[in-house]
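Scroll down for the structure; my scribbles are underneath it.
Starting from 1, each residue takes its place in the sequence as its number.
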Amino acid sequence: MTQVDTAETEQGGPGRADADAGTWRADIRRLIRAGAPPGPWKRGPVLAALALLLGLIMLLHAQIPNRIGNLGSLVETLLPWFGLFIPVLLAGALWRRSALAVAALLLPVVVWLNLFGGLLSDKSHPGGDLTVVSHNVGAANPDPAGTAHDLAASGADVLALQELTQQARGTYEKELAKAYPYHTVQGTVGLWSKLPLSDTRPVDIQMDAGPLAATKPAHVKMTYNRALRTTVATDHGPLAVYVAHLGSVRVNPKAGFWTAHRDRGAQALGKAVAAEQNERVVLLGDLNGTMDDRAFAGITSRLRSAQDAAGDGFGFSWPAKFPMARIDQILVRGVEPKSSWVLPATGSDHLPVAARISW
């Protein structure tokens, strides 16, 4: 009996057959696993990584350095639009059936809602004592008279204009004279008011810097002055009003996000507001930047946005044909914004912005 068993084993008997069958079944299982798609928690690792990266960029935007092409300021200028990547990544995650990518998307969703979710609701309230409007009327505006009529019809008590040209200034003064008995123009910015003005002066926002700036006489600098300060006499006491048009920004391959003139002006304007003795302050103007941009820290630390506090939506104001950013601002201190909104387009490439404030 022992000899037979040994012979069968040597010739590939039942023991060898069982081993071969087990190996064959293991090979089949490996092939099936290799051909089967990964589980939902293993699919879409690239999408998950992109979702986490998006969330971290929005969460840590203040840590992105400005040393190279002002990259940090550029990201902060476009920050609300980063939310558009969320539905794109979500569509990719659903298409890949990736639970991993969907879970990773929770980070950018939470961060974006924390940053901008408050702007999705209407925070306006009825009432208010004073309506203020600010508008960059545009140097190339083909219809300054029509723009003046539209602005007068807005019901503004105080109206700030920027980018006034010498050619168009007379038109605005003529068309707005009936509605606004008080006005001042300092260089390329002006203020029209239904209430008396006093203590009016230009504000140096350092548009002209360098060794030759100090050699230029005041009347020469005034021709391109871009900021003013005045006091509006209200029934509730004096209101300090600033009007400003900060330097333009550019995006180009060599310099990246070029903001030198604007940033210098923002710092100077921030210092002027910090030195303001009146506790009630309104700043109106084209600041050529969003209030998320770190360049405005000196201003936003002392003033708050009427749109953020009492607006409906983002209040984008530029460009007028397809608004993508709010660079026209109404900022306040010592008064309460009741509502804030964007007015219809005029002949300018900016939209006018308005706010209703109270004491």
Side-chain angles (χ1 to χ4, degrees), residues 57 60-82 134 136-140 160-165 186-189 202-218 220-229 242-276 283-303 305 316-319 323-331 348-350:
I57 288 174
L60 304 175
H61 64 86
Q63 309 305 318
I64 300 174
N66 255 351
R67 291 188 297 272
I68 303 176
N70 280 332
L71 180 61
S73 285
L74 179 60
V75 168
E76 288 166 340
T77 298
L78 301 174
L79 204 54
W81 294 96
F82 277 68
S134 180
N136 179 328
V137 294
L161 303 185
Q162 306 91 46
E163 211 165 287
L164 292 167
T165 64
Q186 305 283 319
T188 64
V189 296
V203 175
D204 182 9
I205 56 172
Q206 300 183 15
M207 289 301 299
D208 191 3
L212 297 179
T215 66
K216 296 182 179 180
V220 173
K221 291 184 178 181
M222 181 55 69
T223 59
Y224 52 85
N225 175 72
R226 293 172 67 158
L228 67 82
R229 184 263 183 219
Y242 287 78
V243 182
H245 181 196
L246 298 186
S248 299
V249 300
R250 297 286 185 272
V251 179
N252 59 66
K254 290 185 178 180
F257 189 45
W258 185 83
T259 63
H261 288 172
R262 185 207 66 182
D263 293 354
R264 188 169 63 239
Q267 291 176 5
L269 187 58
K271 290 178 181 178
V273 171
E276 174 60 51
L283 169 59
L284 307 163
D286 172 9
L287 302 189
N288 270 311
T290 70
M291 294 300 95
D292 296 309
D293 192 328
R294 67 194 68 179
F296 297 98
I299 296 174
T300 55
S301 63
R302 297 177 176 90
L303 304 173
S305 166
F316 293 151
S317 63
W318 181 88
M324 297 183 64
R326 185 180 178 88
I327 64 175
D328 301 276
Q329 308 293 345
I330 299 176
L331 307 173
S348 172
D349 58 339
H350 292 244

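- Under the salt bridge (Lys or Arg N to Asp or Glu O under 4.0 Å) criterion, the residue pairs touching residues 66-80 are Glu76-Arg294, with sequence neighbours excluded.
- A heavy-atom distance below 4.5 Å is not found between the side chains of Gln329 and Ser317.
- Annotation: side chain to side chain contact (heavy atoms under 4.5 Å, CB included) contacts of Ser301 (sequence neighbours excluded): none.
- Ala255 is linked by a side chain to side chain contact (heavy atoms under 4.5 Å, CB included) to Asn252, Trp258, counting only residues two or more places apart in sequence or in another chain.
- Not counting sequence neighbours, the partners of Phe316 by the ring-ring contact (aromatic ring centres under 6.0 Å, His included) test are Trp81, Phe314.
- Residues meeting the side-chain hydrogen bond (donor to acceptor under 3.5 Å, both in side chains) test with Thr259, sequence neighbours left out: Asn70, Asp263.
- Taking His61 as the reference, nothing meets the ring-ring contact (aromatic ring centres under 6.0 Å, His included) condition, with sequence neighbours excluded.
- In this view, Glu276 and Arg229 satisfy the salt bridge (Lys or Arg N to Asp or Glu O under 4.0 Å) rule, not counting sequence neighbours.
- The side chain to side chain contact (heavy atoms under 4.5 Å, CB included) search around Ile68 returns none, not counting sequence neighbours.
- For Asp292, the side-chain hydrogen bond (donor to acceptor under 3.5 Å, both in side chains) criterion is met by no residue, not counting sequence neighbours.
- Looking at residues two or more places apart in sequence or on another chain, you find a side chain to side chain contact (heavy atoms under 4.5 Å, CB included) between Ala244 and Ala227, Leu269, Leu283, Leu287.
- For the salt bridge (Lys or Arg N to Asp or Glu O under 4.0 Å) condition, the pairs that include at least one residue of residues 253-262, sequence neighbours left out, are Arg262-Asp293.
- Scanning for side-chain hydrogen bond (donor to acceptor under 3.5 Å, both in side chains) contacts around Asp349 gives an empty result, with sequence neighbours left out.
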